[in-house]
Structure formats: C-alpha cells, structure tokens
**Q** 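My questions all concern the structure below.
Note that ligands are numbered from 1 as they come in the structure, with each ligand's atoms numbered from 1 the same way.
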Amino acid sequence: MATAAAQRTAGTEADGTPDTAGTTAHQRAFDAAVAAEERIEPRDWMPDAYRATLVRQIAQHAHSEIIGMQPEANWITRAPSLRRKAILMAKVQDEAGHGLYLYSAAETLGTSRDELLDKLHSGRQKYSSIFNYPTLTWADVGAIGWLVDGAAITNQVPLCRCSYGPYARAMVRICKEESFHQRQGYELLLALGKGTPEQHAMAQDAVNRWWWPSLMMFGPPDDESQHSAQSMEWKIKRHSNDELRQRFVDICVPQAESLGLTLPDPELRWNEERGHYDFGPIDWTEFWEVLKGNGPCNEQRITQRRRAHDEGAWVREAAAAHAAKHTGGAGGTGATRA
Ligand code: BYC
C-alpha cells in the first residue's frame with residue numbers, strides 16, 4: 001500500500017476534486033501524513049493556510065535570530081577576557097548561522113529572503129519581544145545565555161518534531177548550538193554569582209531584569225493565543241505556550257538555587273498537588289506594548305538592522321556578480337544575495 005507521502009505527491013488532476021464531504025484527495029493525503037507523523041516536504045501538496053503559518057513562524061524565528069545578535073554584540077568589545085570575548089563572538093556568529101538556516105527553510109515554501117527582510121524592515125513581520133530589552137551590564141550576557149537561550153531551547157526542542165521537514169531538520173542543529181549557549185550563560189553567571197559581592201549583585205540585577213521578559217518569550221497565555229490550536233493540530237507546535245512556560249519555570253528554579261541567585265517572584269513556590277512551581281502574574285500589558293513597538297529598544301534594533309542591511313548592499317552585489325560570472329549569464333540564477 002502506498003504511504004501517505006506517496007499519495008500526496010501523486011498529483012493527478014482528480015486529486016483536487018472535492019468528494020461529497022468537500023475534502024480533496026490532496027487534503028486527505030496531507031491529513032493522513034500529519035496523523036502518521038510523516039514529514040511534509042517542500043514539493044508535497046499542503047493547505048495554503050499551513051504554508052502561510054509556517055512562513056509566518058519561521059520568518060519570525062529567523063528575524064529573532066539576527067536581531068538577537070545585537071544585544072549581545074554590544075558587549076563583544078568589552079568582554080572581560082580574551083576567553084570570554086572568543087566565546088561571545090562564536091555565539092553571536094552562531095545566531096547569524098541560525099538565521100541563515102531558517103531563511104533557507106522559509107525559502108523552501110516559495111518565499112524569498114529579500115521579501116522576508118523587507119517585511120522585517122517595514123514592521124510587517126515580528127521578531128521576539130525579548131530582544132527589545134537593553135543589555136546594561138556584562139552580567140546581562142550571562143542572563144541572556146541562561147534564561148533567553150534556556151527559554152529558546154525549551155520552546156525549540158519540540159520543534160525538532162515539527163511536521164514540516166526543512167524546519168524540523170534546521171531545528172536539530174540549532175538546538176545543539178543553543179544548548180552550548182545556555183551552558184556558557186550559566187557558567188558565566190556562576191562565576192559572577194560566586195565572585196565578589198559587587199559581581200554577585202550585578203548577576204542578581206541582570207536576572208531580576210531578564211526573568212519576566214524571558215517568560216513572555218513563550219507567547220500570550222493559551223486563552224489569548226490565536227494560532228496555537230490550529231498549529232498544534234497541524235503538529236507545527238507540539239505544546240501550548242503555557243505548557244512550555246511552566247516547563248521552563250520548573251527547570252529554572254533549582255538552577256537559580258545552584259547559582260546562588262533568586263528569581264524575582266515572591267509568589268514562586270512548589271505546588272505539591274500540581275507537581276509544578278506556581279508563579280506570579282505576568283504583566284501582559286508590557287508584552288503587548290513591546291509587540292506594538294513600544295519596548296525600550298524597538299526603535300534602536302530596527303534602525304540598526306536597516307543600517308546593517310544597507311551597508312551590506314555591496315556584498316550582495318559582489319555575490320550576484322560572482323554568481324553571474326560562474327553561470328555565464330548576466331545576473332546569474334537565484335544567487336542574488338550574500
Ligand atoms: N515576541 O498565537 P500566538 C532565540 C505573537 S530567538 C513577539 O501564541 P504562535 C535567540 C505571534 O507571532 C527565539 N511576538 O502565536 C536568538 C502572534 O502574532 P502574529 C525566537 C510574539 O506563533 C538570539 C501573536 O503574538 N523563537 O532563540 O502560535 C540569541 C499571538 O501569539 C511572541 C521562536 O521564534 C513573542 N515572544 O506562538 C538568543 C520560536 N509571542 O504572528 C536566543 C518559534 C507571540 O499573528 N516560534 N507573539 O502577528 C514559536 O514557537 C511561536 O511562534 C511562538 C508564538 C511560541 C513564539
């Protein structure tokens with residue numbers, strides 16, 4: 001018997017004809033593949049809304065990676081030792097690489113990187129709220145690694161099982177690198193936490209400022225999450241925003257204890273009945289304001305991104321000229337960007 005994958009690529013004219021229930025053979029094959037935990041691949045038929053949801057989420061994810069380079073890059077020139085500088089540079093370069101895998105994954109859905117960057121620069125596509133907060137001290141580099149990369153891993157490990165093949169495969173490598181990032185942040189905070197009283201205070205201050213925005217990374221509460229139900233049905237998302245947020249809190253509490261730091265939430269306590277930590281209310285007004293562009297660094301981040309893009313125009317032109325030379329035609333084929 002043909003697998004669901006073979007059926008959905010079969011591509012006869014009749015596949016697009018609805019049956020009496022109004023469902024096409026294409027749709028049935030897609031539904032069967034998702035139910036059977038098979039991967040949907042770029043050339044397979046997929047519902048338009050599934051494609052649009054993936055482009056939205058993958059683009060937002062890619063944008064977050066490249067905008068996320070900015071707050072940390074702010075500290076490269078001021079890293080306190082050669083070792084710390086080398087680690088931070090490698091981490092920031094990794095984020096650029098993650099952006100590239102993700103833009104490539106989005107391209108397999110028929111959208112170009114130029115188009116996605118245009119949407120980012122004109123504010124028509126989002127990036128993660130977390131990167132609109134400033135990095136005020138060196139300890140913020142540790143807090144980003146521990147909390148922001150920690151939240152990212154919690155959110156992204158289930159995406160390795162996403163139903164769309166190219167996104168799921170990109171996430172496998174990204175998660176391995178994020179795991180290194182999280183450890184470097186933890187190790188940095190450990191050194192500060194066990195250092196002088198001033199260093200300990202600096203680490204505590206950074207954790208106080210990054211804790212709540214990190215919880216917001218998981219998105220709005222489930223009852224306000226407009227896309228979750230459909231994305232979970234399509235197996236793009238595997239868990240709801242609140243489930244992942246709770247998982248993250250449960251992981252962080254014992255880690256904070258080992259670091260000798262406290263999490264800035266007086267309501268944080270173990271709930272024996274639920275088998276989870278209870279935590280205090282999140283300021284969702286702040287979250288929505290940041291999404292609307294009113295966070296502390298929104299303007300700075302997007303201005304810097306546009307400037308970097310403009311200043312890189314010559315690189316894209318040189319790459320296009322190089323590609324044209326090798327394909328023998330004016331303008332080349334497809335390789336129009338760096
Ligand atoms: N920030 O229906 P919902 C990183 C939007 S980078 C901004 O729950 P969904 C790293 C949401 O897009 C980490 N916007 O949406 C890099 C939607 O608006 P639209 C980035 C947010 O998609 C460098 C609306 O709110 N990770 O790790 O089902 C250095 C309603 O939300 C946010 C990813 O992108 C937010 N926090 O779920 C260090 C992971 N939350 O699009 C680290 C992939 C929600 O209708 N993405 N919105 O205009 C996801 O897993 C999901 O897209 C989300 C949201 C869980 C984020």
Side-chain angles (χ1 to χ4, degrees), residues 49 52-75 88 90-99 101-102 105-106 119-120 123-133 135 140-162 164 167-168 170-171 174-175 177-182 184-185 210 212-234 236-245 248 282 284 286-293 295 298 301:
T53 291
L54 281 167
V55 170
R56 179 186 63 77
Q57 179 166 326
I58 299 173
Q60 186 182 117
H61 195 163
H63 300 330
S64 305
E65 298 284 357
I66 60 164
I67 295 269
M69 295 166 74
Q70 292 184 33
E72 291 179 285
N74 180 35
W75 281 92
L88 184 56
K91 180 180 192 286
V92 172
Q93 283 176 358
D94 283 352
E95 314 296 359
H98 298 174
Y101 316 149
L102 290 163
K119 288 189 173 155
L120 169 66
R124 283 175 293 150
Q125 274 176 349
K126 296 186 171 76
Y127 59 87
S128 181
S129 51
I130 193 76
F131 300 117
N132 293 305
Y133 292 86
T135 41
D140 289 23
V141 172
I144 290 184
W146 177 42
L147 295 174
V148 176
D149 288 285
I153 298 170
T154 310
N155 167 272
Q156 288 167 198
V157 165
L159 291 174
C160 298
R161 292 187 295 119
C162 164
Y164 186 59
Y167 190 29
M171 292 318 301
I174 291 176
C175 284
E177 292 176 354
E178 297 289 20
S179 165
F180 156 75
H181 296 170
Q182 193 268 355
Q184 71 80 36
W210 288 92
W212 292 107
S214 298
L215 296 189
M216 295 175 195
M217 283 176 74
F218 295 91
D222 290 352
D223 54 5
E224 288 177 45
S225 168
Q226 66 205 79
H227 303 295
S228 277
Q230 181 61 79
S231 287
M232 285 170 73
E233 203 176 306
W234 279 328
I236 294 174
K237 283 169 84 161
R238 296 289 181 150
H239 305 279
S240 77
N241 299 354
D242 286 334
E243 276 167 18
L244 291 174
R245 194 173 0 256
F248 177 65
I282 294 173
W284 291 113
E286 174 180 320
F287 172 76
W288 294 116
E289 278 303 309
V290 172
L291 258 62
K292 274 193 250 160
N298 294 59
R301 299 288 183 242

**Q** When only distance counts, is E95 in polar contact with ligand 1, meaning an N/O pair under 3.5 Å?
**A**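 No: no nitrogen or oxygen of E95 is under 3.5 Å from one in ligand 1.
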**Q** Does the R161 side chain pair with the main chain of R238, one donor and one acceptor, at a distance under 3.5 Å?
**A** no
**Q** Would one find an N or O of K91, backbone or side chain, under 3.5 Å from an N or O of ligand 1?
**A** no
**Q** Determine whether a donor-acceptor pair (N or O, by modelled atom type, separation under 3.5 Å) exists between the side chain of S179 and the backbone of C175.
**A** no
**Q** Write out the residue and atom name of the closest protein heavy atom to atom 27 (O) of ligand 1, then the distance separating them to 0.1 Å.
**A**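 The answer is A152 CB, 3.0 Å.
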**Q** Does F218 approach ligand 1 within less than 4.0 angstrom via side chain, backbone, both or neither, non-hydrogen atoms only?
**A** backbone
**Q** For ligand 1, is any non-hydrogen atom under 4.0 Å from H61's backbone (N, CA, C, O), its side chain (CB onward), both, or neither?
**A** both
**Q** What residues, two or more places apart in sequence or in another chain, satisfy ring pair (Phe, Tyr, Trp, His ring centres under 6.0 Å) together with W288?
**A** none
**Q** Any N or O on K237 sitting closer than 3.5 Å to an N or O of ligand 1?
**A** yes
**Q** Identify the closest protein heavy atom to atom 3 (P) of ligand 1: which residue and atom is it, and at what distance?
**A** S225 OG, 3.4 Å
**Q** Contact between L54 and W234 at the side-chain level, heavy atoms closer than 4.5 Å - yes or no?
**A** no
**Q** Evaluate the side-chain proximity of I144 to W210: yes if any heavy-atom separation is below 4.5 Å, no if none is.
**A**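 Contact flag for W210/I144 side chains = yes.
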**Q** Tell me whether D94 contacts the main-chain N or O of E178 through its side chain, where contact means a donor paired with an acceptor under 3.5 Å.
**A**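 Such a contact is absent between D94 side chain and E178 backbone.
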**Q** For G219, counting its heavy atoms only, list the atoms of ligand 1 lying under 4.0 Å from any of them.
**A**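 In order of numbering, the contacting atoms are 40 (N), 44 (C).
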**Q** I'd like to know if the side chain of N241 and the backbone of P220 have a donor-acceptor N/O pair within less than 3.5 Å.
**A** yes
**Q** Give me the nearest non-hydrogen protein atom to atom 22 (O) of ligand 1 as residue plus atom name, then the distance to 0.1 Å.
**A**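 Ranked first by proximity to atom 22 (O) of ligand 1 is R56 NH1, 3.1 Å.
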**Q** Would you say E178 touches ligand 1, if touching means a heavy atom closer than 4.0 Å?
**A** yes
**Q** Specify the protein heavy atom at minimum distance from atom 13 (C) of ligand 1: its residue, its atom name, and the distance to 0.1 Å.
**A**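 Sorting protein heavy atoms by distance from atom 13 (C) of ligand 1 puts Q156 OE1, 3.9 Å first.
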**Q** Of the protein's non-hydrogen atoms, which lies at the shortest distance from atom 25 (O) of ligand 1, and what is that distance?
**A** L291 CD2, 3.7 Å
**Q** For ligand 1, which is the ligand I care about here, please tell me if N155 has any N or O atom under 3.5 Å from one of the ligand's N or O atoms.
**A**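 There is such a contact, yes.
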**Q** Going by distance only, is there an N or O of Q60 that falls short of 3.5 Å from an N or O of ligand 1?
**A**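 Yes, there is a polar N/O contact under 3.5 Å.
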**Q** Under 4.0 Å from atom 53 (C) of ligand 1, do we find at least one protein heavy atom?
**A** no
**Q** Against ligand 1, does P220 come closer than 4.0 Å with any heavy atom?
**A** yes
**Q** Would you call the rings of F287 and W284 parallel, tilted or perpendicular, where under 30° means parallel and over 60° means perpendicular?
**A**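 The arrangement is perpendicular - the two ring planes meet at more than 60°.
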**Q** Hey, does V148 have a side-chain heavy atom less than 4.5 Å from the side chain of F131?
**A**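 SC-SC contact between F131 and V148 confirmed.
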**Q** Within this structure, what is the CZ-OG distance for the pair F218 and S129, rounded to the nearest 0.5 Å?
**A**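 If we round to the nearest 0.5 Å, F218:CZ and S129:OG are 11.0 Å apart.
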**Q** Considering non-hydrogen atoms of the protein only, which is the closest contact for atom 30 (C) of ligand 1, and what is the distance?
**A**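 Atom 30 (C) of ligand 1 sits closest to the protein heavy atom Q226 OE1, 3.7 Å.
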**Q** Show the atoms of ligand 1 that are less than 4.0 angstrom away from any heavy atom in Y127.
**A** 1 (N), 7 (C)
**Q** Given the rule in the salt bridge (charged side-chain N to carboxylate O under 4.0 Å, His left out) test, do R245 and D242 qualify, once you have shown the distances and angles that lead to the verdict?
**A** CA-CA 5 Å; R245 194 173 0 256; D242 286 334; 2.7 Å; yes
**Q** Provide the number and element of each atom of ligand 1 under 4.0 Å from a heavy atom of M216.
**A** 36 (N)
**Q** Can you sort out which atoms of ligand 1 are near Y167, meaning under 4.0 Å from one of its heavy atoms?
**A**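 Ligand 1 atoms under the 4.0 Å threshold to Y167: 43 (C).
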**Q** Below 4.0 Å, non-hydrogen atoms only: which portion of F131 touches ligand 1? Side chain, backbone, both or neither.
**A**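 Looking at F131 and ligand 1, just side chain atoms fall under 4.0 Å.
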**Q** So, taking the atom named NE2 in H61 and the one named CG in N155, what distance separates them when rounded to the nearest 0.5 Å?
**A**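 Spacing of NE2 (H61) from CG (N155) equals 7.0 Å.
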**Q** Against heavy atoms of N241, which atoms of ligand 1 measure under 4.0 Å?
**A** 8 (O), 55 (C)
**Q** Between I144 and ligand 1, which residue portion shows a heavy-atom distance shorter than 4.0 Å: side chain, backbone, both, or neither?
**A** neither
**Q** For atom 18 (O) of ligand 1, what's the nearest protein heavy-atom neighbour? Residue, atom name and distance, please.
**A**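 Its nearest protein heavy-atom neighbour is K126 NZ, 3.3 Å.
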**Q** Report yes or no: do H227 and Q57 form a side-chain donor-acceptor pair below 3.5 Å?
**A**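 Looking only at side-chain atoms, Q57 and H227 do not form any donor-acceptor pair under 3.5 Å.
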**Q** Rounded to the nearest 0.5 Å, how far does OG of S128 lie from NE2 of H63?
**A** 12.5 Å
**Q** Under 4.0 Å from ligand 1, counting heavy atoms only, is it the side chain of V290, its backbone, both or neither?
**A** neither
**Q** Give, for atom OG of S64 and atom CD of E95, the distance between the pair rounded to the nearest 0.5 Å.
**A**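 It is 10.5 Å, given to the nearest 0.5 Å.
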**Q** For ligand 1, indicate whether the residue H227 contacts it via side chain, backbone, both or neither (heavy-atom separation under 4.0 Å).
**A** both
**Q** Considering distance alone, does some N or O of S129 sit under 3.5 Å from an N or O of ligand 1?
**A**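 Yes; the residue has a nitrogen or oxygen that sits under 3.5 Å from a nitrogen or oxygen of the ligand.
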**Q** Nearest 0.5 Å, what's the CD1-CG distance between I174 and L102?
**A**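 Here the rounded value is 4.0 Å.
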**Q** Heavy-atom distances under 4.0 Å are what count here, so tell me which part of H98 touches ligand 1: side chain, backbone, both or neither.
**A** neither
**Q** Excluding sequence neighbours, so at least two apart, what forms side-chain hydrogen bond (donor to acceptor under 3.5 Å, both in side chains) with Q70?
**A** none
**Q** What protein heavy atom lies closest to atom 38 (C) of ligand 1? Include the residue and the distance to one decimal.
**A** D149 OD1, 3.3 Å
**Q** Using distance alone, decide if ligand 1 has a nitrogen or oxygen within less than 3.5 Å of any nitrogen or oxygen in S231.
**A** no
**Q** What is the distance from atom CG of L159 to atom OH of Y167, rounded to the nearest 0.5 Å?
**A** 4.5 Å
**Q** Taking distance alone, with no angle check, do W288 and ligand 1 share an N/O pair under 3.5 Å?
**A**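 No.
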